[in-house]
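Naming convention: chains lettered A, B, ... in sequence-line order (proteins, then strands); numbering from 1 in each chain.
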Amino acid sequence: MSVVLVGISHHQAPVELRERAALDPERARELARRLAGERGEAVCLSTCNRTELYLAEDSPDEAERKAEAALLALEEELGPSLYRLRDEAAALHLFRVAAGLDSMVPGEGEILGQVRGAHHLGATGPILDRLFRDALHAGKKARTETAIGESPASVSSAAAALAEQVFGELGGRSVLVVGAGEAGELAIKSLAARGAVIAFVANRTPERAQELTRRYGGTPLSLDRVAGNLEHVDVVLSSTSSPDWMLSRAEVERTLHARRGRPLFLIDLAVPRDLDPAIHELDGCYLYDIDDLEAVVAETLAGRRREAERAESIVDAEAERFREWQASLDVVPAIASLRARAEEIRTAELDRAKLSGAERRAAESVTAAVLNKLLHLPTIRMKQAAAAADGVIYADAVRHLFGLEDER
Amino acid sequence: LAEFLFWPALLAYGEAAVAYFGEARQPGRAGWAATWGVRIGWLVQTALLGVQAARSDGFPWSTWGGSLNLFVWLVVGAYLIWGCRPRYRLLGLAVLPLAVVLFALARIGGGTGTEGQSHYSNLFLVLHVGLVLAAFAGFTLAAGLSALYLWQERRLKRHERSILRVRAPALAKLDDVAARTIAFALPALTFGIAVGIVRLEDRGGGYDALMAVTVLTWAVYAGYLALRHFAGWRGRRAAYLVLAGFALVVVVRLALPVTHFAA
């Protein structure tokens, strides 16, 4: 059986095409069932970056044709963007996908769950089940043995990660949000996802502040009450479109005594900036503006790319293991036939000997041991030959030498 | 046997110290090698102390070199409580090079052999030397945590780009753990000093410079805890105060013991 992959991804297809080929879970399940048919296997992997069909069939050409037709039925214009891979190349591709090495942001974590979901929804048999399980293993291994997925890849997650560098876990830390724009909301999500509590939301328009407090909790504030509430919070997140400082150094300095040494982390996502840069000079105050955050993200992305090189070698090794396993399947029927024939002869000869109960048991034990020892080396050698791509030749030779042709 | 155990322990600590520098440059395998270096070194040194205890007639660490040997074991043991956690590995940069130097000095001072004997009673030595050394080990660890705090704080203040690549423990955590370590170490020092004073009153004898500096050390750490509790001292100022206290610990450990042990 061969593995065939036909798909599109963000490398060749723009989002306008990808969105037309996207499959929701129900359609992915239904398409997998239809493509697998009676004897085949199929899995549909559909994410925002890719739609890929994996098939395992005896005829790779036929499988490829079916997969292409299925994708073109979703969107006719996909043709030039389609890629087609088989066996080792298809396996290596899936392993790289699972490890996040084929993603827009190297090492992004979401893809592993998407591969797992596709596996569950697929119509799998021995080949694709093994392929997807190995891919998930390779993806996890790449993430645990390298730092490819550790660092934040966006400004909002970098801001939350930097807050953790000051406070440790953010559970229970309170946040004052100044300005309720879109950029600010992404940062709120990142902070809240790490357990931070949104204590206050201050905004020029009270309606928008109330809308955010309904979603994330906290108390709406007017902008003139921001400085007065500084002593109650650990993090200040500002993203207004105001041309003036929302907080000056003097305003922050006045609260330091009441804070009793508790650090204050300030995130300024606004351009022009909302927070007086001189706040950063105060003891226990750490202010990061948009440029500082983008510089941190650039460094962490460079780090991810460096780690990606190490992850590639892990994925290569795992793909090689899958290739060896798949190749060994070529010789498994020949090995099984050889062992069955030997066992048949052994049993027939023991029956012919007409032995007593005790004699029979002794002879059973001795002949079984002889048989196992005799067949052990040929079995190992055939599996090794299969891994080195000579498996079919060896399997044919064994069938010919032992007269197993009829059992093919 | 003690000689046989000293070198592997020193080698393991040395390997860990070098590996921690590698970890600071590129986190990963070096940190793993460093952690195992510390673990193995500490286990071998434990065996060395066991051999010394079994072969000696009396408390074997009453000499300057011997007490240094025990001190290194306590410092590394205290470090192992946190140091095996990936975020705290960088603390090893402060602790392990110091441990290597002090362990080598302990050998030069004759503190790693089995021939040492003392004319003091075992109970007195266990209580006095043991408690004071345990306290000093705690202060050493707190100094390492404070040094790491200042380094991490400087990176945040300078907006260093690599701050999320080479990660250190959070500032608040470092500050808190240093304070807790001192809160455990200070009572030990208090009891250790009290045992020494009681014996001095009982048997007679004069006060020396070491005792004065030790009491001054106690005052600095007691002041640290008081300022933290009553005046909200945290962060950079508190870290500098811990390091000032540690400077006195270094003076007590290295400069003055010659006179104290001679007495």
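- Residue pairs that meet the side chain to side chain donor-acceptor pair (under 3.5 Å) test with at least one member in residues 71-81 of chain B, sequence neighbours left out, are B:Tyr20-B:Tyr79, B:Thr46-B:Trp73.
- Contact annotation for A:Arg259: neither backbone nor side-chain heavy atoms come within less than 4.5 Å of a heavy atom of chain B.
- Around CH2 of A:Trp245, the count of heavy atoms belonging to other residues, nucleotides or ligands within 6.0 Å exceeds 12.
- For the residue pair A:Gln165 and B:Leu156, the shortest heavy atom distance occurs at O-CD1, 4.4 Å.
- Between chain A and the options B:Arg237, B:Arg161, B:Lys173, the largest number of non-hydrogen pairs under 4.5 Å is found for B:Arg161.
- For the atom pair CG of A:Leu162 and CD1 of B:Ile163, the computed distance is 6.5 Å after rounding to the nearest 0.5 Å.
- A 6.0 Å sphere centred on CH2 of B:Trp36 holds no more than 12 heavy atoms belonging to other residues, nucleotides or ligands.
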Would you mind writing out the side-chain donor-acceptor pairs for residues 189-197 of chain A within the sub-3.5 Å range, not counting sequence neighbours?
residue, atom, partner, partner atom, Å
A:Arg194, NE, A:Glu164, OE1, 3.4
A:Arg194, NE, A:Glu164, OE2, 3.4

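- For a residue to count as touching a neighbouring chain, one of its non-hydrogen atoms must lie under 4.5 Å from one of that chain's; by this rule A:Glu281 touches chain B with the backbone only.
- Proximity to chain A (any heavy atom under 4.5 Å) is restricted, for B:Phe230, to the backbone atoms N, CA, C and O.
- Within a 6.0 Å sphere centred on CD of A:Glu169, other residues, nucleotides and ligands contribute 12 heavy atoms or fewer.
- For the options A:Val166, A:Leu293, A:Leu287, heavy-atom pairs under 4.5 Å to chain B are most numerous at A:Val166.
- A:Tyr286 pairs with exactly one of B:His159, B:Glu153, B:Lys157 by the side chain to side chain donor-acceptor pair (under 3.5 Å) rule, that one being B:Glu153.
- Contacts from residues 231-241 of chain A to chain B, taken as heavy-atom pairs separated by less than 4.5 Å, involve no residues at all.
- More than 12 heavy atoms of other residues, nucleotides or ligands sit less than 6.0 Å from atom OH of A:Tyr216.
- In this view, A:Leu186 and A:Ser156 satisfy the side chain to side chain contact (heavy atoms under 4.5 Å, CB included) rule, not counting sequence neighbours.
- The shortest side-chain heavy-atom distance between A:Asp283 and B:Arg236 falls under the 4.5 Å cut-off.
- Between B:Ala170 and A:Gly168, the shortest heavy-atom contact is CB-N, 3.0 Å.
- Heavy-atom distances place the backbone of B:Ala231, and not its side chain, under 4.5 Å from chain A.
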